[in-house]
Protein chains: 2
Amino acid sequence: MLFSFKERFPSLNPYWERYMALQKRVEYPARTILLKEGKTAQNYYFVEQGCLRLCFDNNGKDTTVQFFFENEGLASLESFRKDIPSIFTIETIEPSIIHVLPKTVFNEMLRELDQNPDFLKALIDISFERQHHYMNEFLSRIRDTPLERYLNLRKERPHIVKRVPQHYIASYLGITSVHLSRIKNKISRKK
Amino acid sequence: MLFSFKERFPSLNPYWERYMALQKRVEYPARTILLKEGKTAQNYYFVEQGCLRLCFDNNGKDTTVQFFFENEGLASLESFRKDIPSIFTIETIEPSIIHVLPKTVFNEMLRELDQNPDFLKALIDISFERQHHYMNEFLSRIRDTPLERYLNLRKERPHIVKRVPQHYIASYLGITSVHLSRIKNKISRKK
DNA sequence: TACATTTAATAACAAATGTTATCGTCCCCT
DNA sequence: AGGGGACGATAACATTTGTTATTAAATGTA
């Protein structure tokens, strides 16, 4: 995510490179928890290989909010930014290779670039992108039926349907895995 | 919303005041559409008196996303910022007195303050606040039942329940007005 | 290879929520 | 004052989705 801003704000490249060099490259097995709900986020993660999910415990039900694949970055943003307990858990789905950027490094960067308009504008852009993303997730949950959401997922992001176990997809669509089974059954019978 | 930043970024006060002076003060009757879904947002609105809602047509069903009361400001942000057709409609609920800030004025402000770190930081703060707000709306829709959401609304924002017609509240809670009636009935029988 | 764990499908039943229709009240508007 | 629209309650019925339990296939691992 951060990295797509290299072209838009080339003046920041020396900074990105200097700070990104401070990441650690770590291998995790499948179903490893990188950040547990309730703990304060200490790191920003970048996926070199594998896949993660952002999720939370919803009255005992596991709910997935977002999936992350190769070349995508993430953190439990609110927790990361405000130093408060995370609402979310971050967990690997597949065995994964992750670049871990400690918050201390990020904060140094914040301090150094605190007055740099290009850096601030990059943050604004990042923030608006995220806002846009969540707004769309929000609207899709409201306006689309589970069937529509599933068909849309299959069409727009087939890699998710291929690589992610079905019960995580169900928890992402906001339904039970039983119901997702029914939906798939219905689709295949229609064809 | 913008106005709570006066204390945090006092250096910007001369700008706020200069630009805010360019607003128009307008009275609208109830059920007046200020921005129609599909049109591009031309204004930022600030409520002096009355109440508005942000909503959209959801396959024929009217869905309310947010309510705005006295001293709150709003725009169809994506449309306003990116000059694209608005996903949302903005409509008065009660007869209202609204301060209207044209986008042209806002854009002048953007240009003038484009390199001002305090201004950029104020935008970042505003953006994060909105993100936080929508994240919570999103989570509440997922994790809470309509009953819980209604009880919570009644407790946390009783003015909404008092001033807003019930079918708008239902559309905000994500249920039909019939179902909201049932919920209210159930609550009153329990007491 | 064999055993345990994870994953997926299905059935039967239960609960939540939507749909449609009817009725009564209130309140704006002319 | 009266008429039309907006608002809210309720009932009967339909649909969607969840719950629980069972079975089977796939997968990882000793």
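Residue numbers begin at 1 in each chain, while the letters A, B, ... track the order of the sequences. Note that this is a predicted model, so its numbers are computed, not measured.
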Point to revise | No-hydrogen, no-angle side-chain donor-acceptor test under 3.5 Å, A/R154 and A/Y150 | key: no
Revision key, fill the gap. note: B/I187, atom CD1; D/dA9, atom C1'; distance rounded to Å ~ 15 Å
Check your understanding: Among all residues two or more places apart in sequence or in another chain, which pass the side chain to side chain contact (heavy atoms under 4.5 Å, CB included) test with B/I97?
Key -> B/R25, B/E27, B/E48, B/Q49
Revision key, fill the gap. For A/H159, the side chain to side chain contact (heavy atoms under 4.5 Å, CB included) test, sequence neighbours excluded, returns A/F69, A/R157
Practice item. Return yes if the base of D/dG5 and the side-chain atoms of B/R31 contain a donor-acceptor N/O pair under 3.5 Å, otherwise no. Key: no
Practice item. Send over the distance from B/R163 CZ to D/dA6 P, rounded to a whole Å. Key: 21 Å
Practice item. Return the value, rounded to whole Å, for the distance between atom CG of A/D62 and atom P of C/dT7. Key: 11 Å
Exercise for review: May I have the distance from A/I183 (atom CD1) to C/dA9 (atom P), rounded to whole angstrom?
Suggested key: 12 Å
Exercise for review: Using the salt bridge (Lys or Arg N to Asp or Glu O under 4.0 Å) rule, take B/K36 and B/D57 through it: C-alpha gap first, then chi angles, then the decisive distance, then the call.
Suggested key: CA-CA 10 Å; B/K36 179 72 182 173; B/D57 174 274; over 6 Å; no
Check your understanding: What is the ring orientation for A/F88 with A/F56, classed by angle as parallel under 30°, tilted 30 to 60°, or perpendicular over 60°?
Key -> perpendicular
**Study point:** Distance below 4.0 Å between B/K184 side-chain N/O and D/dA9 OP1 or OP2
**Key:** yes
**Study point:** Closest to the B/H179 side chain, choosing from D/dA9, C/dT17, D/dG18
**Key:** C/dT17
Review point. For A/E112, what residues pass the salt bridge (charged side-chain N to carboxylate O under 4.0 Å, His left out) criterion, not counting sequence neighbours?
Key: A/R18
Review point. Is the cationic atom of B/R53 (NZ for Lys, CZ for Arg) positioned less than 6.0 Å from the six-membered ring centroid of B/Y168 and within 45 degrees of its normal?
Key: yes
Exercise for review: Output the residues of residues 166-177 of chain A in contact with DNA chain D, where contact means a heavy atom of the residue under 4.0 Å from an atom of the strand; sort by number or write none.
Suggested key: A/G174, A/I175, A/T176
Review point. Within the pair B/N185 and D/dA9, is there a side-chain N or O less than 4.0 Å away from OP1 or OP2?
Key: no
Point to revise | Pairs satisfying salt bridge (Lys or Arg N to Asp or Glu O under 4.0 Å), at least one member in residues 159-176 of chain B, at least two apart | key: B/E70-B/R163, B/E94-B/R163
Check your understanding: Angle, rounded to 10°, between the helical axes spanning five pairs at each terminus of the helix from C/dT1-D/dA30 to C/dT30-D/dA1?
Key -> 50°
Which atoms of nucleotides 22-29 of chain D (N or O only) lie under 3.5 Å from a protein N or O atom, and what are those distances?
none

Point to revise | Sub-6.0 Å ring centroid separation between B/Y45 and B/F68 | key: no
Point to revise | Sequence-distant partners of B/R143, salt bridge (charged side-chain N to carboxylate O under 4.0 Å, His left out), two or more places apart | key: none
Exercise for review: Please tell me which of the listed nucleotides, C/dA12, C/dA8, D/dG8, lies nearest to the side chain of A/R182?
Suggested key: C/dA12
Check your understanding: Out of C/dT7, D/dG18, C/dT19, which has the shortest distance to the side chain of B/V178?
Key -> C/dT19
Review point. What is the distance from CD of A/E148 to C1' of D/dT17, rounded to the nearest Å?
Key: 15 Å
Check your understanding: Which of parallel (below 30°), tilted (30 to 60°) and perpendicular (above 60°) describes A/F46 and A/H99?
Key -> perpendicular
**Study point:** Contacts of B/N107 that satisfy side chain to side chain contact (heavy atoms under 4.5 Å, CB included) - sequence neighbours left out
**Key:** B/K103, B/L110, B/R111
Exercise for review: List for me each residue that meets side chain to side chain contact (heavy atoms under 4.5 Å, CB included) alongside A/Q115, sequence neighbours excluded, and say none if there are none.
Suggested key: B/P117, B/K121
With the criterion being N/O to N/O and under 3.5 Å, what pairs connect the protein with nucleotides 23-28 of chain C, and how long is each?
none

Practice item. Taking salt bridge (charged side-chain N to carboxylate O under 4.0 Å, His left out) as the test, write out the residues that go with B/D144, two or more places apart. Key: none
Review point. Between C/dA16 atom C1' and B/L180 atom CG, what is the distance in whole Å?
Key: 15 Å
Practice item. Round to the nearest Å and state the distance from B/D144 atom CG to C/dT17 atom C1'. Key: 17 Å
Practice item. Report yes or no: do B/T92 and B/R31 form a side-chain donor-acceptor pair below 3.5 Å? Key: no
Point to revise | Position toward the 5' end of DNA chain D (nearest nucleotide), B/V164 or A/P146 | key: B/V164
Practice item. Rounded off to whole Å, could you give me the CD-to-C1' distance for the A/E91 and C/dT6 pair? Key: 13 Å
